[in-house]
Amino acid sequence: MAQTDTGPQHANSAVGVAPGEMRSSHVFFFRVREWSGVLLGFAVLGVLVTAALSGPTPYDPLLSDPSSILEAPSGEHPFGTDRNGFDILARTFEAAKTDLLLAIEGIGLALAIGVTVGLFASARGATGEIIMRGLDAFQAFPLVVLSIAVVTLMGNNVENIVFAIAIINFPRFARLVRSQALTLRESLFVQAAVAFGASKTRVLFRHILPNTTELILAQVSIGSAHAIRVIASLTFLGIGVSPPTPTWGAMIRKGSRQVLSGEWWTFLFPGLFVVLTVIAFNLIADGIESRRVQRHGT
Amino acid sequence: MNIDPVRLRGIGKIVGRRLAVLPIALLAVATIAFFLIHLMPGDPAIAIAGEFANDEDIQKVRERLNLHRSDVDQYRMYIAGILRGDLGREFYTGLSVAGSIRRTLPNSAELVLAGLLIAGVIGVSLGTVASILRRRPGDRVARFVLTVTQSIPDFLLALILIYWLYTVFEFAPSPLGRIGVDTSAIAGREGSFLLLGSVFRGEWVLTRQLIGHMFMPAFTVGVVYSAYLGRVTRAALAPALDSPHVEFARACGLRPLTVLRYAWSEARTPAITYFAILFGALIGGVTIIETIFAWGGFGQWGLQAILALDIPAIQGFVLVTGTITLLVYLALDVLILILDPRVVYGGQGGTN
Amino acid sequence: MGTLLTVKGLSIGFRQYGVMTNVIHGIDLAIQEGERVGIVGESGSGKSLTARSIIRLLPIGAIPTVSKLQFKDLDLQQIPERRMRSVRGSRIGFVAQNPFGALNPVMRVWRQFARLYASHGAAGAKAEWRQRTEEILRSVGLDEAGRVADAYPHELSGGMAQRVVIAMAVALEPELLVADEPTTALDLTVQKRILAVLDRVTHTGTRSLLLVTHDLGVVTELCERVYVMYQGRFVETGPTLSVLRHPQHPYTEMLVNSMPSRLRDIQREPGGPGTPRGAETMSQGCGFAPRCPYAFDRCTIEVPALESRESECLAACFHERLPDRPVGSAMTPRPRA
């Protein structure tokens, strides 16, 4: 029965001291396993972005070759060609640029709006409550469908999808910021009441603030995953399509016409990339969440 | 689960209070629906009239939609219409909005129910397995499966299913609406609860046909949303399995299945809550699937209205969606009241 | 009177990053038939884990090792889980700390008893079970047995709920009753009554009791023998009266000196510098050394083993007998009723 004898440890071990830490290489192995999800997620995203920016095939994603229509995947065209003669591989990676950019912009905007609303909602008294009820009522409606209305009214181009994403996602950030602000306020009150020394303040900040950052990062990841799906759905329906700029959803839409005739590569590959990207973001979010829970508790 | 008269009275009081507030809540929903439409950016009249319209045409559109009147007037006319049961007429087709909703809602309802049933079976099973295996390797595997399932867009899964089951294997019937191209079997009944009706009347041939056509869309909904329910199940059940209640149950030597049921009685409230929330959200949320399968559903109708900027129809759509959500939450609260004996006296609890 | 339970060499560890950290270090425990034994220690000393390891109900991630775990004719270490499940409740009963945490909140009391009977394969009609349940409830002092049986747990007071828990624990007439801090979650006045109930259900002499608590007063009232636990080790054991009158370990002495106040306050006593560590930290030598007024060099290098002292006591200390210090306000153990 193994017993590890380490040197005398400091008394009053604070939360988070790992027991019996041995050689750093040993611990490193387990840390890597812990982080494997997040690393995988980032790896996928990294590969995607690099490939998208560098352009992996000699074919121009925006130039069609009418002589090679609906060709099955081959050495020439690893993902095949669509009904207009576009090389699907090139277009898939080109679409990655659009989709990812839209998602990031949308979530960024959602974050900005959400933090603002959340801070207002954390105000004392009735104002905060009213805002929260309003948020609840707002979320009772099918926001995806409604955001379609917004985009349609504002003009049917791709950029307006950013607003749709922002509208759908800002509530999650608002709630997060509000609950964190309330926790912070409450703990400051407690602290003032019991009159601890200044060091306790620093401890509170050292625990609450990193907790908040990690919470926000997790929500950014989850929101991005959600945003990629929504963007794909919206562009699939034909919203914000401006050919020939490709998006994954629009490519799937075009490919869907081939479902009954059997040219599966026209819709499967862009769809696969959507799935991979969403999984990547979800893995990152899961990793951040489990690490946060491990360190700070829920 | 016998309920003593004291508790029944307590439940009755709470339900009565909620029902009394209901008309006000409905009014609020209607008002929000109204403002959501009218506060949207852009001028709908211009968008509807099109690029080549001149000012006269635009003005005509405006008048037809009553947009020329003051907001207060429009609001009053709108509320008055609702109280009469008249939600106006669609701008493009002239059909009654209320009629269109009545025609399309049952199709969506049956699809959502079937889909949620499948989602529930898959999701709750996976979630239960994951929570039993918590902190052991199997947990990570189960959670990964859930993550993958959650990452597949519904329309992609639908296309893949159609490709495999219809195009390649010719196993499923054609993905065209509730009964395919030949609608003679349901002539005159379009827009009612077809599946429930056929079961009720014992028309088994028709039932089989309907189920055959429902399989692919319902399965799509089921798989995609099973992940959501699975996660919720695991999140609720895992801590329940670690709770002192379960520990004591084990210490008494209760059978493992009984112990699991004990844990479930603690964990069921969040699970049922999310189930209900999903139901409310999906009525309008299976739009894409309805579009692909030409289902004639509520979301599909709403989407077409939105894309065409058919203001009266959109208003009806938003109103009905909000109302359904409201009613679902009310039903959910009542259900929880009945299930959890702690939440009765003093009227605390329920969802927020 | 034979030996009911024998535990030898029990250790429990947790694994983090592939490294095992022990929270219980090779303890030995024995209970005779009809005997009432107590384990006394602060929070974090490992006493609850010890109690649970007897019925093999450890939390996920706990890794136990034991060289002997014998309950009468059963080798509890070897038997399969299914067999163990039949032992729990019917041969070894368990009383939890918080009655509202133990009882199922959405089920009426009689139903929970019914489940108990059903799981242990008891035959009989519903009416019989109901009658039996009410009998048992009355035997723990719940005179309105019918009303209690129909109630939901949250409708009962703390004391009543804990009586129900005790009733469930003894319903199938087990030979051993394990009680983990049965009075801690209750008001002071109620505690005495619950102790009386525990006394009543183990008084007949055919049922043994293992009582785990941080309160030396509780042990004094109920137990003939006591184990004193500190940081996962037994530091002293012996007949309760002897241990109290002549503590042979510095820690026990500190406990006795501070009676009747609760062990929680000991941390702030002037005689105890430093705070007890959680299970996470390890130290060399005797765990109590930092707080011990008699510690010398050997204490920080070696861990003392339990060795015989006078009057059937065992103590784990390098001092053969403690230097003379006034025993202070040692409470005279109350005579047994």
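Treat the numbers as computed from the prediction; the structure is a model and nothing was measured. Numbered from 1 within each chain, the chains take letters A, B, ... in sequence-line order.
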- Non-hydrogen atoms of chain B under 4.5 Å away: do they reach the side chain of A/Ala232, the backbone, both or neither?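 Both parts, heavy atoms under 4.5 Å.
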- Query: With a 4.5 angstrom heavy-atom cut-off, which part of A/Leu272 approaches chain B: side chain, backbone, both or neither?
  - Reply: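 Contact with chain B: backbone only.
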- Message: Within residues 315-328 of chain B, which residues come under 4.5 Å of chain A, heavy atom to heavy atom?
- Response: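 Counting heavy atoms that sit under 4.5 Å from chain A, the residues of residues 315-328 of chain B involved are B/Phe317, B/Val318, B/Thr321, B/Gly322, B/Thr325.
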- Query: Just by modelled atom types, is the B/Gln150 backbone N or O under 3.5 Å from a matching donor or acceptor in the A/Arg229 side chain?
  - Reply: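 Yes; judged by distance alone, with no hydrogens or angles, the pair exists.
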Just wondering, do [Y] and [X] contact through their side chains at under 4.5 Å, heavy atoms?
X        : Y        : answer
B/Phe144 : A/Leu283 : yes
A/Leu260 : B/Tyr166 : yes
A/Ser256 : B/Ile292 : no
A/Asp136 : B/Tyr329 : no
B/Thr167 : A/Gln258 : no
A/Val278 : B/Thr147 : no

- What is the ring orientation for B/Tyr163 with A/Phe267, classed by angle as parallel under 30°, tilted 30 to 60°, or perpendicular over 60°?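 The arrangement is perpendicular - the two ring planes meet at more than 60°.
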- Query: Which heavy atom of B/Ile152 sits nearest a heavy atom of A/Val275, and at what distance?
  - Reply: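 That closest heavy-atom pairing would be CA-CG2, 4.0 Å.
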- Looking at A/Ala225, A/Pro270, A/Gly249, A/Ser233, which makes the most heavy-atom pairs under 4.5 Å with chain B?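 Among the listed options, the one with the most contacts to chain B is A/Ser233.
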- Message: Does atom OH (B/Tyr274) have a neighbourhood of more than 12 heavy atoms from anything else shown, all under 6.0 Å?
- Response: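 Open: at most 12 neighbouring heavy atoms sit under 6.0 Å from OH of B/Tyr274.
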- To the nearest 0.5 angstrom, please state how far the CD1 atom of A/Ile239 sits from the CG atom of B/Leu303.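 One gets 6.5 Å once the value is rounded to the nearest 0.5 Å.
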- Message: How long is the straight-line distance from CG of A/Leu237 back to CD of B/Gln304, given to the nearest 0.5 Å?
- Response: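 Nearest 0.5 Å value for the CD-CG distance: 11.0 Å.
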- Examine whether an atom of B/Leu156 lies under 4.5 Å from a heavy atom of chain A, and if so say whether it belongs to the side chain, the backbone or both; otherwise answer neither.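 B/Leu156 touches chain A through side-chain heavy atoms alone.
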